[in-house]
Number of protein chains: 2
Amino acid sequence: MNVEGTLDQDDPYVAAPPSSRRRGVLADEVAGYVRQLILTGSLRPGTKIDQDAVGRALDVSRSPIREALVVLGHEGLLDLTPRRGASVAQLRREDIIDHYELFGVVSGRAAAMAAELLDEDQIRELNELHSRFTGDDQEVLQQLNHDFHRVINLAAPRRTRWLLRHLERTVPANYYEFADGWNHRAVEHHASILEAITRRDPEGARSAMEGHLHESGVAAADQLEERGFFTDPDTGGPAEAGQ
Amino acid sequence: MNVEGTLDQDDPYVAAPPSSRRRGVLADEVAGYVRQLILTGSLRPGTKIDQDAVGRALDVSRSPIREALVVLGHEGLLDLTPRRGASVAQLRREDIIDHYELFGVVSGRAAAMAAELLDEDQIRELNELHSRFTGDDQEVLQQLNHDFHRVINLAAPRRTRWLLRHLERTVPANYYEFADGWNHRAVEHHASILEAITRRDPEGARSAMEGHLHESGVAAADQLEERGFFTDPDTGGPAEAGQ
DNA sequence: ATAGTAAATACATTATGCATAATAATAGTC
DNA sequence: GACTATTATTATGCATAATGTATTTACTAT
């Protein structure tokens, strides 16, 4: 075997499970594991997923693995071909940009509703979170950013929140610290979003949020490009489907 | 198998009867089956899914069933509680409206891009389809409606098209003929969308499309309400989670 | 009689075995 | 020597068996 992109040496399926006991839902565990490998770039687009290899790495059988692959396929991270298994889906720059654009229109809807529906306490909480958005601890900033958006999304109805969670999970970056200088601009964006919400201006909030996520997308794509996420390490050119 | 020391010449083992049964991807089959049951209202919200019962009904084992349930859970049609199985998710009127609203913003994005990117041939095709939108054969109208939107969505990038397919599949109605009088209004909506696209007016196309889907949502919700989709047949009140 | 606990049962989840499609390897032919 | 056909191997997908957990039921003690 040893087809281009398969494991053997340089085995990407490395991490062992944290501890044997305490096994929750294995399929979720597997999904998270493979998702991480994809989003961090350890598994290049086009590479086939070796079910047995994953099973060995995590010490689980194929049933939960199959379920995980189905989920990831549904998330758009894997291509599932009937009798030929799963392979990592292509993720081009265009896809990242597009994804954040979608994120923008959906998040924009949430922001517009937030401008109408959030109560004073929640707006205070947003201000609270916003004011703490300083320093350079990426972990903390990540969390604050997440919380900020979460409070806004509370104003959106169930289905919208569900889609936002979905969109959040299926795109690379924001696993990583953003590029330098990004935090500064993010603060400005958040400020204008917050201002529009405080002003009770739905359309203002929507367009501020859309703009924020548009720029986030560009930043994320740049970040990924810099990390060589879009370029095939072998050819140096853009990554293409394996064989 | 049949590693070494096997019989080469004089092979008495004739080919097995080719008939048997060649089945496609069972999980998809199961998913379609259960999805239909849910979207048509045969399975009320809150109802638990009996895996064995499904297996008996379709004569398949649990593996493809589980995979199907995972997919449906991911689509938001089922609630998957870790050690307690799957149950039909609540679908309230609010969810339908919200869903179509999301459909609107995403479809609106596609329409805006269509106004910029569709070539003359494609616009001609839209006119073609639009002009045939008469009569009262629900099947044909359904198809024409679908094609109309499909051509527009061609202008959108991959990820957006993917999300649109996703949104299309996970909502009830449009499995059913819409209410009387709806076709007439749909034609008007399509006309204004088409007009904006012809005018190369992205924002006009966007808002026309958003309006179209907003009204579609209301129509679909009304239709479902009329059919008693939201009311529990036992209590007569709104359907609630089963025990 | 009721509440609490423990056994029993039902069922979701995971593991394993097996048949078959897909792919790689090999032999045979032009 | 290159190309095609045939065989062998690998891995996927489905079925069945085993395992563990949640829930119900029965029983005992207060």
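Predicted, not measured: the structure shown is a model, and the values here were computed from it.
Gln142(B) has its side chain out of reach of Glu139(B): every pair of non-hydrogen atoms, C-beta onward, lies at least 4.5 Å apart. The side-chain heavy atoms of Val60(B) and Val54(B), taken from C-beta on, include no pair separated by under 4.5 Å.
The phosphate of dA15(D) (OP1 or OP2) has a side-chain N or O of Ser61(B) nearer than 4.0 angstrom. For the pair Arg84(A) and dT23(C), the criterion of a side-chain N or O lying under 4.0 Å from OP1 or OP2 is met.
As rounded to whole Å, 16 Å separates atom C1' of dT14(C) from atom CD1 of Ile65(B). At whole-Å resolution of the value, CG in Leu26(A) and C1' in dT16(C) are 15 Å apart. At whole-Å resolution of the value, CD in Gln51(A) and C1' in dA15(C) are 14 Å apart. Rounded to whole angstrom, the span from the CZ atom of Arg83(A) across to the P atom of dT20(C) amounts to 10 Å. Atom-to-atom, CZ of Arg62(B) to C1' of dT14(C) comes out at 11 Å; the value is rounded to the nearest Å.
Contact check of residues 69-76 of chain B against DNA chain C (heavy atom, cut-off under 4.0 Å) returns no residues at all.
Not a single donor-acceptor contact under 3.5 angstrom links the side-chain atoms of Arg66(A) to the base of dG13(D).
Looking at Arg109(B) and Asp98(A), a side-chain N of the basic residue comes within less than 4.0 Å of a carboxylate O on the acidic one, giving a salt bridge. The residues Arg35(A) and Glu75(A) are annotated as salt-bridged, a charged nitrogen and a carboxylate oxygen being separated by less than 4.0 angstrom. Taking a cutoff of 4.0 Å between a charged side-chain nitrogen and a carboxylate oxygen, Glu128(A) and Arg132(A) qualify as a salt bridge. Salt bridge present: Glu225(B) and Arg93(B) bring a charged side-chain N and a carboxylate O closer than 4.0 Å.
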